[in-house]
Amino acid sequence: MEDDCDDDFDGYDEDDYDFDEADFNQHLADKFDDLDLPPGVEATVPWLQKTTPKEDVKEPPKSNTADENANKYTQFKQFDTVQNFSDHYYAKNSHGEPNRAWSKRVQHDWKLLEKDLPAYIFVRVAEDRMDLLRAAIIGPKGTPYHDGLFFFDIHIPSAYPCAPPLVYYHSGGLRINPNLYNNGKVCLSLLGTWDGRGCEKWNPAQSTMLQVLVSIQALILNDKPYYNEPGYESYANTPNGERLALDYNDNTFLHSCKTMLYSLRRPPEHFADLVAGHFRVHGHTILAACKHYMAGNDIGSVVPEEEEEEEEEESSEHKSGDAGASGSAPELGVIKAIPTKRRSSFNPSLKVLYEDLLMEFNVKGADTRKFIDEKLKKNKPAAA
């Protein structure tokens with residue numbers, strides 16, 4: 001398989017990394033000056049729940065500005081209209097005067113999106129250009145895309161619904177999935193950009209914009225994207241295939257972290273509040289996942305909460321002597337990957353991204369105190 005995910009990071013030994021608190025604080029100040037801050041699935045049923053992920057979030061107020069920003073995030077609607085897009089990929093596409101049948105069908109799709117959007121998908125449509133939409137999809141948990149934000153620009157052609165919409169992925173130049181090219185192409189049977197049969201292909205009488213977005217979430221942003229590559233599905237459920245899938249997930253997560261940085265520094269128009277709020281709330285979890293993976297755990301595996309870790313340590317003493325405990329028995333029918341050493345470049349690459357994410361999440365007001373304290377403690381000179 002052609003490796004589209006090689007990283008150009010220069011690795012370094014983290015033990016040689018000197019942390020200067022004064023320099024770190026100055027870097028933070030520079031970030032505030034330099035950044036243009038915004039004002040103020042292999043599908044599973046839970047992914048399609050109507051509950052939005054922000055409803056359970058409780059953020060302690062830090063300041064009036066922090067309160068204002070938090071309110072903008074919690075009030076960010078899943079579906080809404082905007083006047084226009086100035087940075088839309090298809091903004092220069094000629095559309096002409098829409099006919100009545102086309103407008104009626106587009107408005108019908110808008111209503112479906114407003115009513116039935118699953119959790120973790122957000123859409124903005126343009127009133128001045130009804131042919132333009134922009135969608136943000138949050139990467140599902142249990143996948144190498146978890147907690148990431150992925151943006152798609154959509155153009156509804158004049159032949160719609162006889163012809164499918166055009167979809168462009170904001171790649172940042174990264175090939176993050178076999179179906180998402182670094183040039184922005186989205187490869188999906190429903191869009192006519194890949195072969196398909198029957199219900200996999202666009203049907204003017206039944207297919208909708210909602211179906212397109214759900215398909216991207218469910219079929220592309222899944223837990224083992226390696227098998228999305230044509231022909232590679234034959235390796236599924238084989239030890240060698242599982243090893244290759246894990247290697248692909250490592251690179252995919254690195255690209256996902258780069259995409260986070262790309263979105264933080266250049267949020268797409270009309271989504272700045274979502275980007276800032278999402279990473280302010282989920283920054284702690286993302287950083288914890290980075291450390292979890294650098295410790296050798298598989299990408300997408302559950303990242304234990306601090307309280308759960310303490311409980312597991314206490315309970316392990318009781319379970320260690322029980323040879324008949326069900327938790328210690330291997331699962332039947334589970335194919336294990338051929339043991340392999342993780343690529344030597346993975347940890348140094350993720351370490352660099354972790355440091356950049358830590359800085360950016362600080363700027364956005366995320367809960368990063370634990371990780372900064374760890375850096376200070378690790379780099380504190382030993383007492384004489």
Side-chain angles (χ1 to χ4, degrees), residues 38 41 43-57 71-91 95 98-140 149-158 160-170 186 188 190-191 202-221 267-278 281:
V41 237
T44 58
V45 174
W47 298 5
L48 301 181
Q49 292 175 354
K50 186 58 181 168
T51 305
T52 62
K54 299 175 295 187
E55 293 178 351
D56 297 327
V57 173
N71 287 336
K72 288 182 178 180
Y73 172 60
T74 55
Q75 294 172 9
F76 193 89
K77 298 178 181 179
Q78 276 195 271
F79 177 90
D80 206 353
T81 58
V82 296
Q83 199 67 32
N84 210 331
F85 293 101
S86 62
D87 63 342
H88 199 284
Y89 181 77
Y90 296 106
H95 180 64
N99 60 53
R100 183 175 180 182
W102 181 91
S103 299
K104 186 175 181 180
R105 175 56 191 265
V106 170
Q107 289 174 347
H108 170 74
D109 273 21
W110 283 14
K111 291 179 180 178
L112 286 178
L113 291 170
E114 185 174 17
K115 178 176 177 286
D116 296 325
L117 268 178
Y120 311 112
I121 299 181
F122 299 81
V123 173
R124 292 295 179 268
V125 297
E127 293 181 342
D128 289 352
R129 285 283 303 271
M130 290 179 63
D131 60 309
L132 303 182
L133 293 82
R134 174 166 289 162
I137 300 179
I138 300 175
L149 272 177
F150 305 95
F151 290 92
F152 300 85
D153 282 359
I154 302 170
H155 167 62
I156 306 175
S158 57
Y160 188 83
C162 294
L166 304 178
V167 181
Y168 171 84
Y169 166 58
H170 287 246
V186 178
L188 192 65
L190 191 62
L191 298 175
W202 182 265
N203 183 328
Q206 298 178 345
S207 301
T208 65
M209 198 64 59
L210 176 63
Q211 185 182 356
V212 169
L213 296 178
V214 171
S215 294
I216 293 173
Q217 181 193 46
L219 302 177
I220 295 180
L221 302 178
E269 189 177 19
H270 304 304
F271 283 85
D273 290 336
L274 176 66
V275 171
H278 174 80
V281 170

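Residue Y169 holds its OH atom at 12.0 Å from CG of D153, rounded to the nearest 0.5 Å. To the nearest 0.5 Å, atoms CG (L166) and CG (L191) are separated by 8.5 Å. Residue I137 holds its CD1 atom at 8.0 Å from CD1 of I220, rounded to the nearest 0.5 Å. Atom CG of residue L210 and atom NZ of residue K115 lie 10.0 Å apart, to the nearest 0.5 angstrom. For the atom pair OG (S215) and CG (L221), the distance works out to 11.5 Å, reported to the nearest 0.5 Å. Atom CD of residue Q75 and atom CG of residue D273 lie 10.0 Å apart, to the nearest 0.5 angstrom.
You'll find the side chain of H278 reaches within 4.5 Å of the side chain of Y73, heavy atoms only. Side-chain atoms of W202 and V212, non-hydrogen and from C-beta on, do get closer than 4.5 Å to each other. Within the 4.5 Å cutoff, no side-chain heavy atoms of R129 are placed close to those of Y90. Side-chain contact check for S158 versus N99: every heavy-atom pair is 4.5 Å or farther apart. Looking only at side-chain heavy atoms (C-beta outward), L133 and L113 come within less than 4.5 Å of each other. You'll find the side chain of V123 stays beyond 4.5 Å of the side chain of W110, heavy atoms only. Side-chain contact between I156 and M209 is present, with heavy atoms from C-beta onward closer than 4.5 Å. Between N84 and E127 there is no side-chain heavy-atom pair separated by less than 4.5 Å.
One N or O on the side chain of Q78 and one on the backbone of I121 form a donor-acceptor pair closer than 3.5 Å.
Every residue two or more places apart in sequence or in another chain that forms a side chain to side chain donor-acceptor pair (under 3.5 Å) with Y160 is listed here: D109. Residues satisfying the ring-ring contact (aromatic ring centres under 6.0 Å, His included) test with W102, not counting sequence neighbours, are H95.
Closest approach of A163 to P157, counting heavy atoms only: O-CG, 4.4 Å. A pairwise comparison of heavy atoms in A272 and P267 identifies CA-CB, 3.9 Å as the closest pair. Listed here is the closest heavy atom pair of S207 and Q211: CA-OE1, 3.2 Å. In plain terms, the two heavy atoms of A136 and F151 that are nearest each other are CB-CE2, 3.4 Å.
Taking the six-membered ring for Trp and the full ring otherwise, the centers of F122 and F271 sit at least 6.0 Å from each other.
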Practice prompt. Would you sort out whether L149 and I138 count as a side-chain contact (heavy atoms from CB on, under 4.5 Å), showing the intermediate values?
Written response: CA-CA 5 Å; L149 272 177; I138 300 175; 3.6 Å; yes
Practice prompt. Before giving the answer on side-chain contact (heavy atoms from CB on, under 4.5 Å), spell out for M130 and Q107 the whole-Å C-alpha distance, their side-chain angles and the decisive distance to 0.1 Å.
Written response: CA-CA 9 Å; M130 290 179 63; Q107 289 174 347; 3.7 Å; yes
Worksheet item: So L213 and I154, side-chain contact (heavy atoms from CB on, under 4.5 Å) or not? Walk me through it.
Response: CA-CA 10 Å; L213 296 178; I154 302 170; 3.9 Å; yes
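For the pair R124 and F76, the cation-pi test (distance below 6.0 Å, angle within 45°) is passed.
Ring geometry for Y89 against Y168 counts as parallel: the plane angle stays under 30°, on a 0 to 90° scale with 60° as the upper cut. Between F85 and H270, the ring planes lie perpendicular to each other; the angle is over 60°, past the 30° to 60° tilted range.
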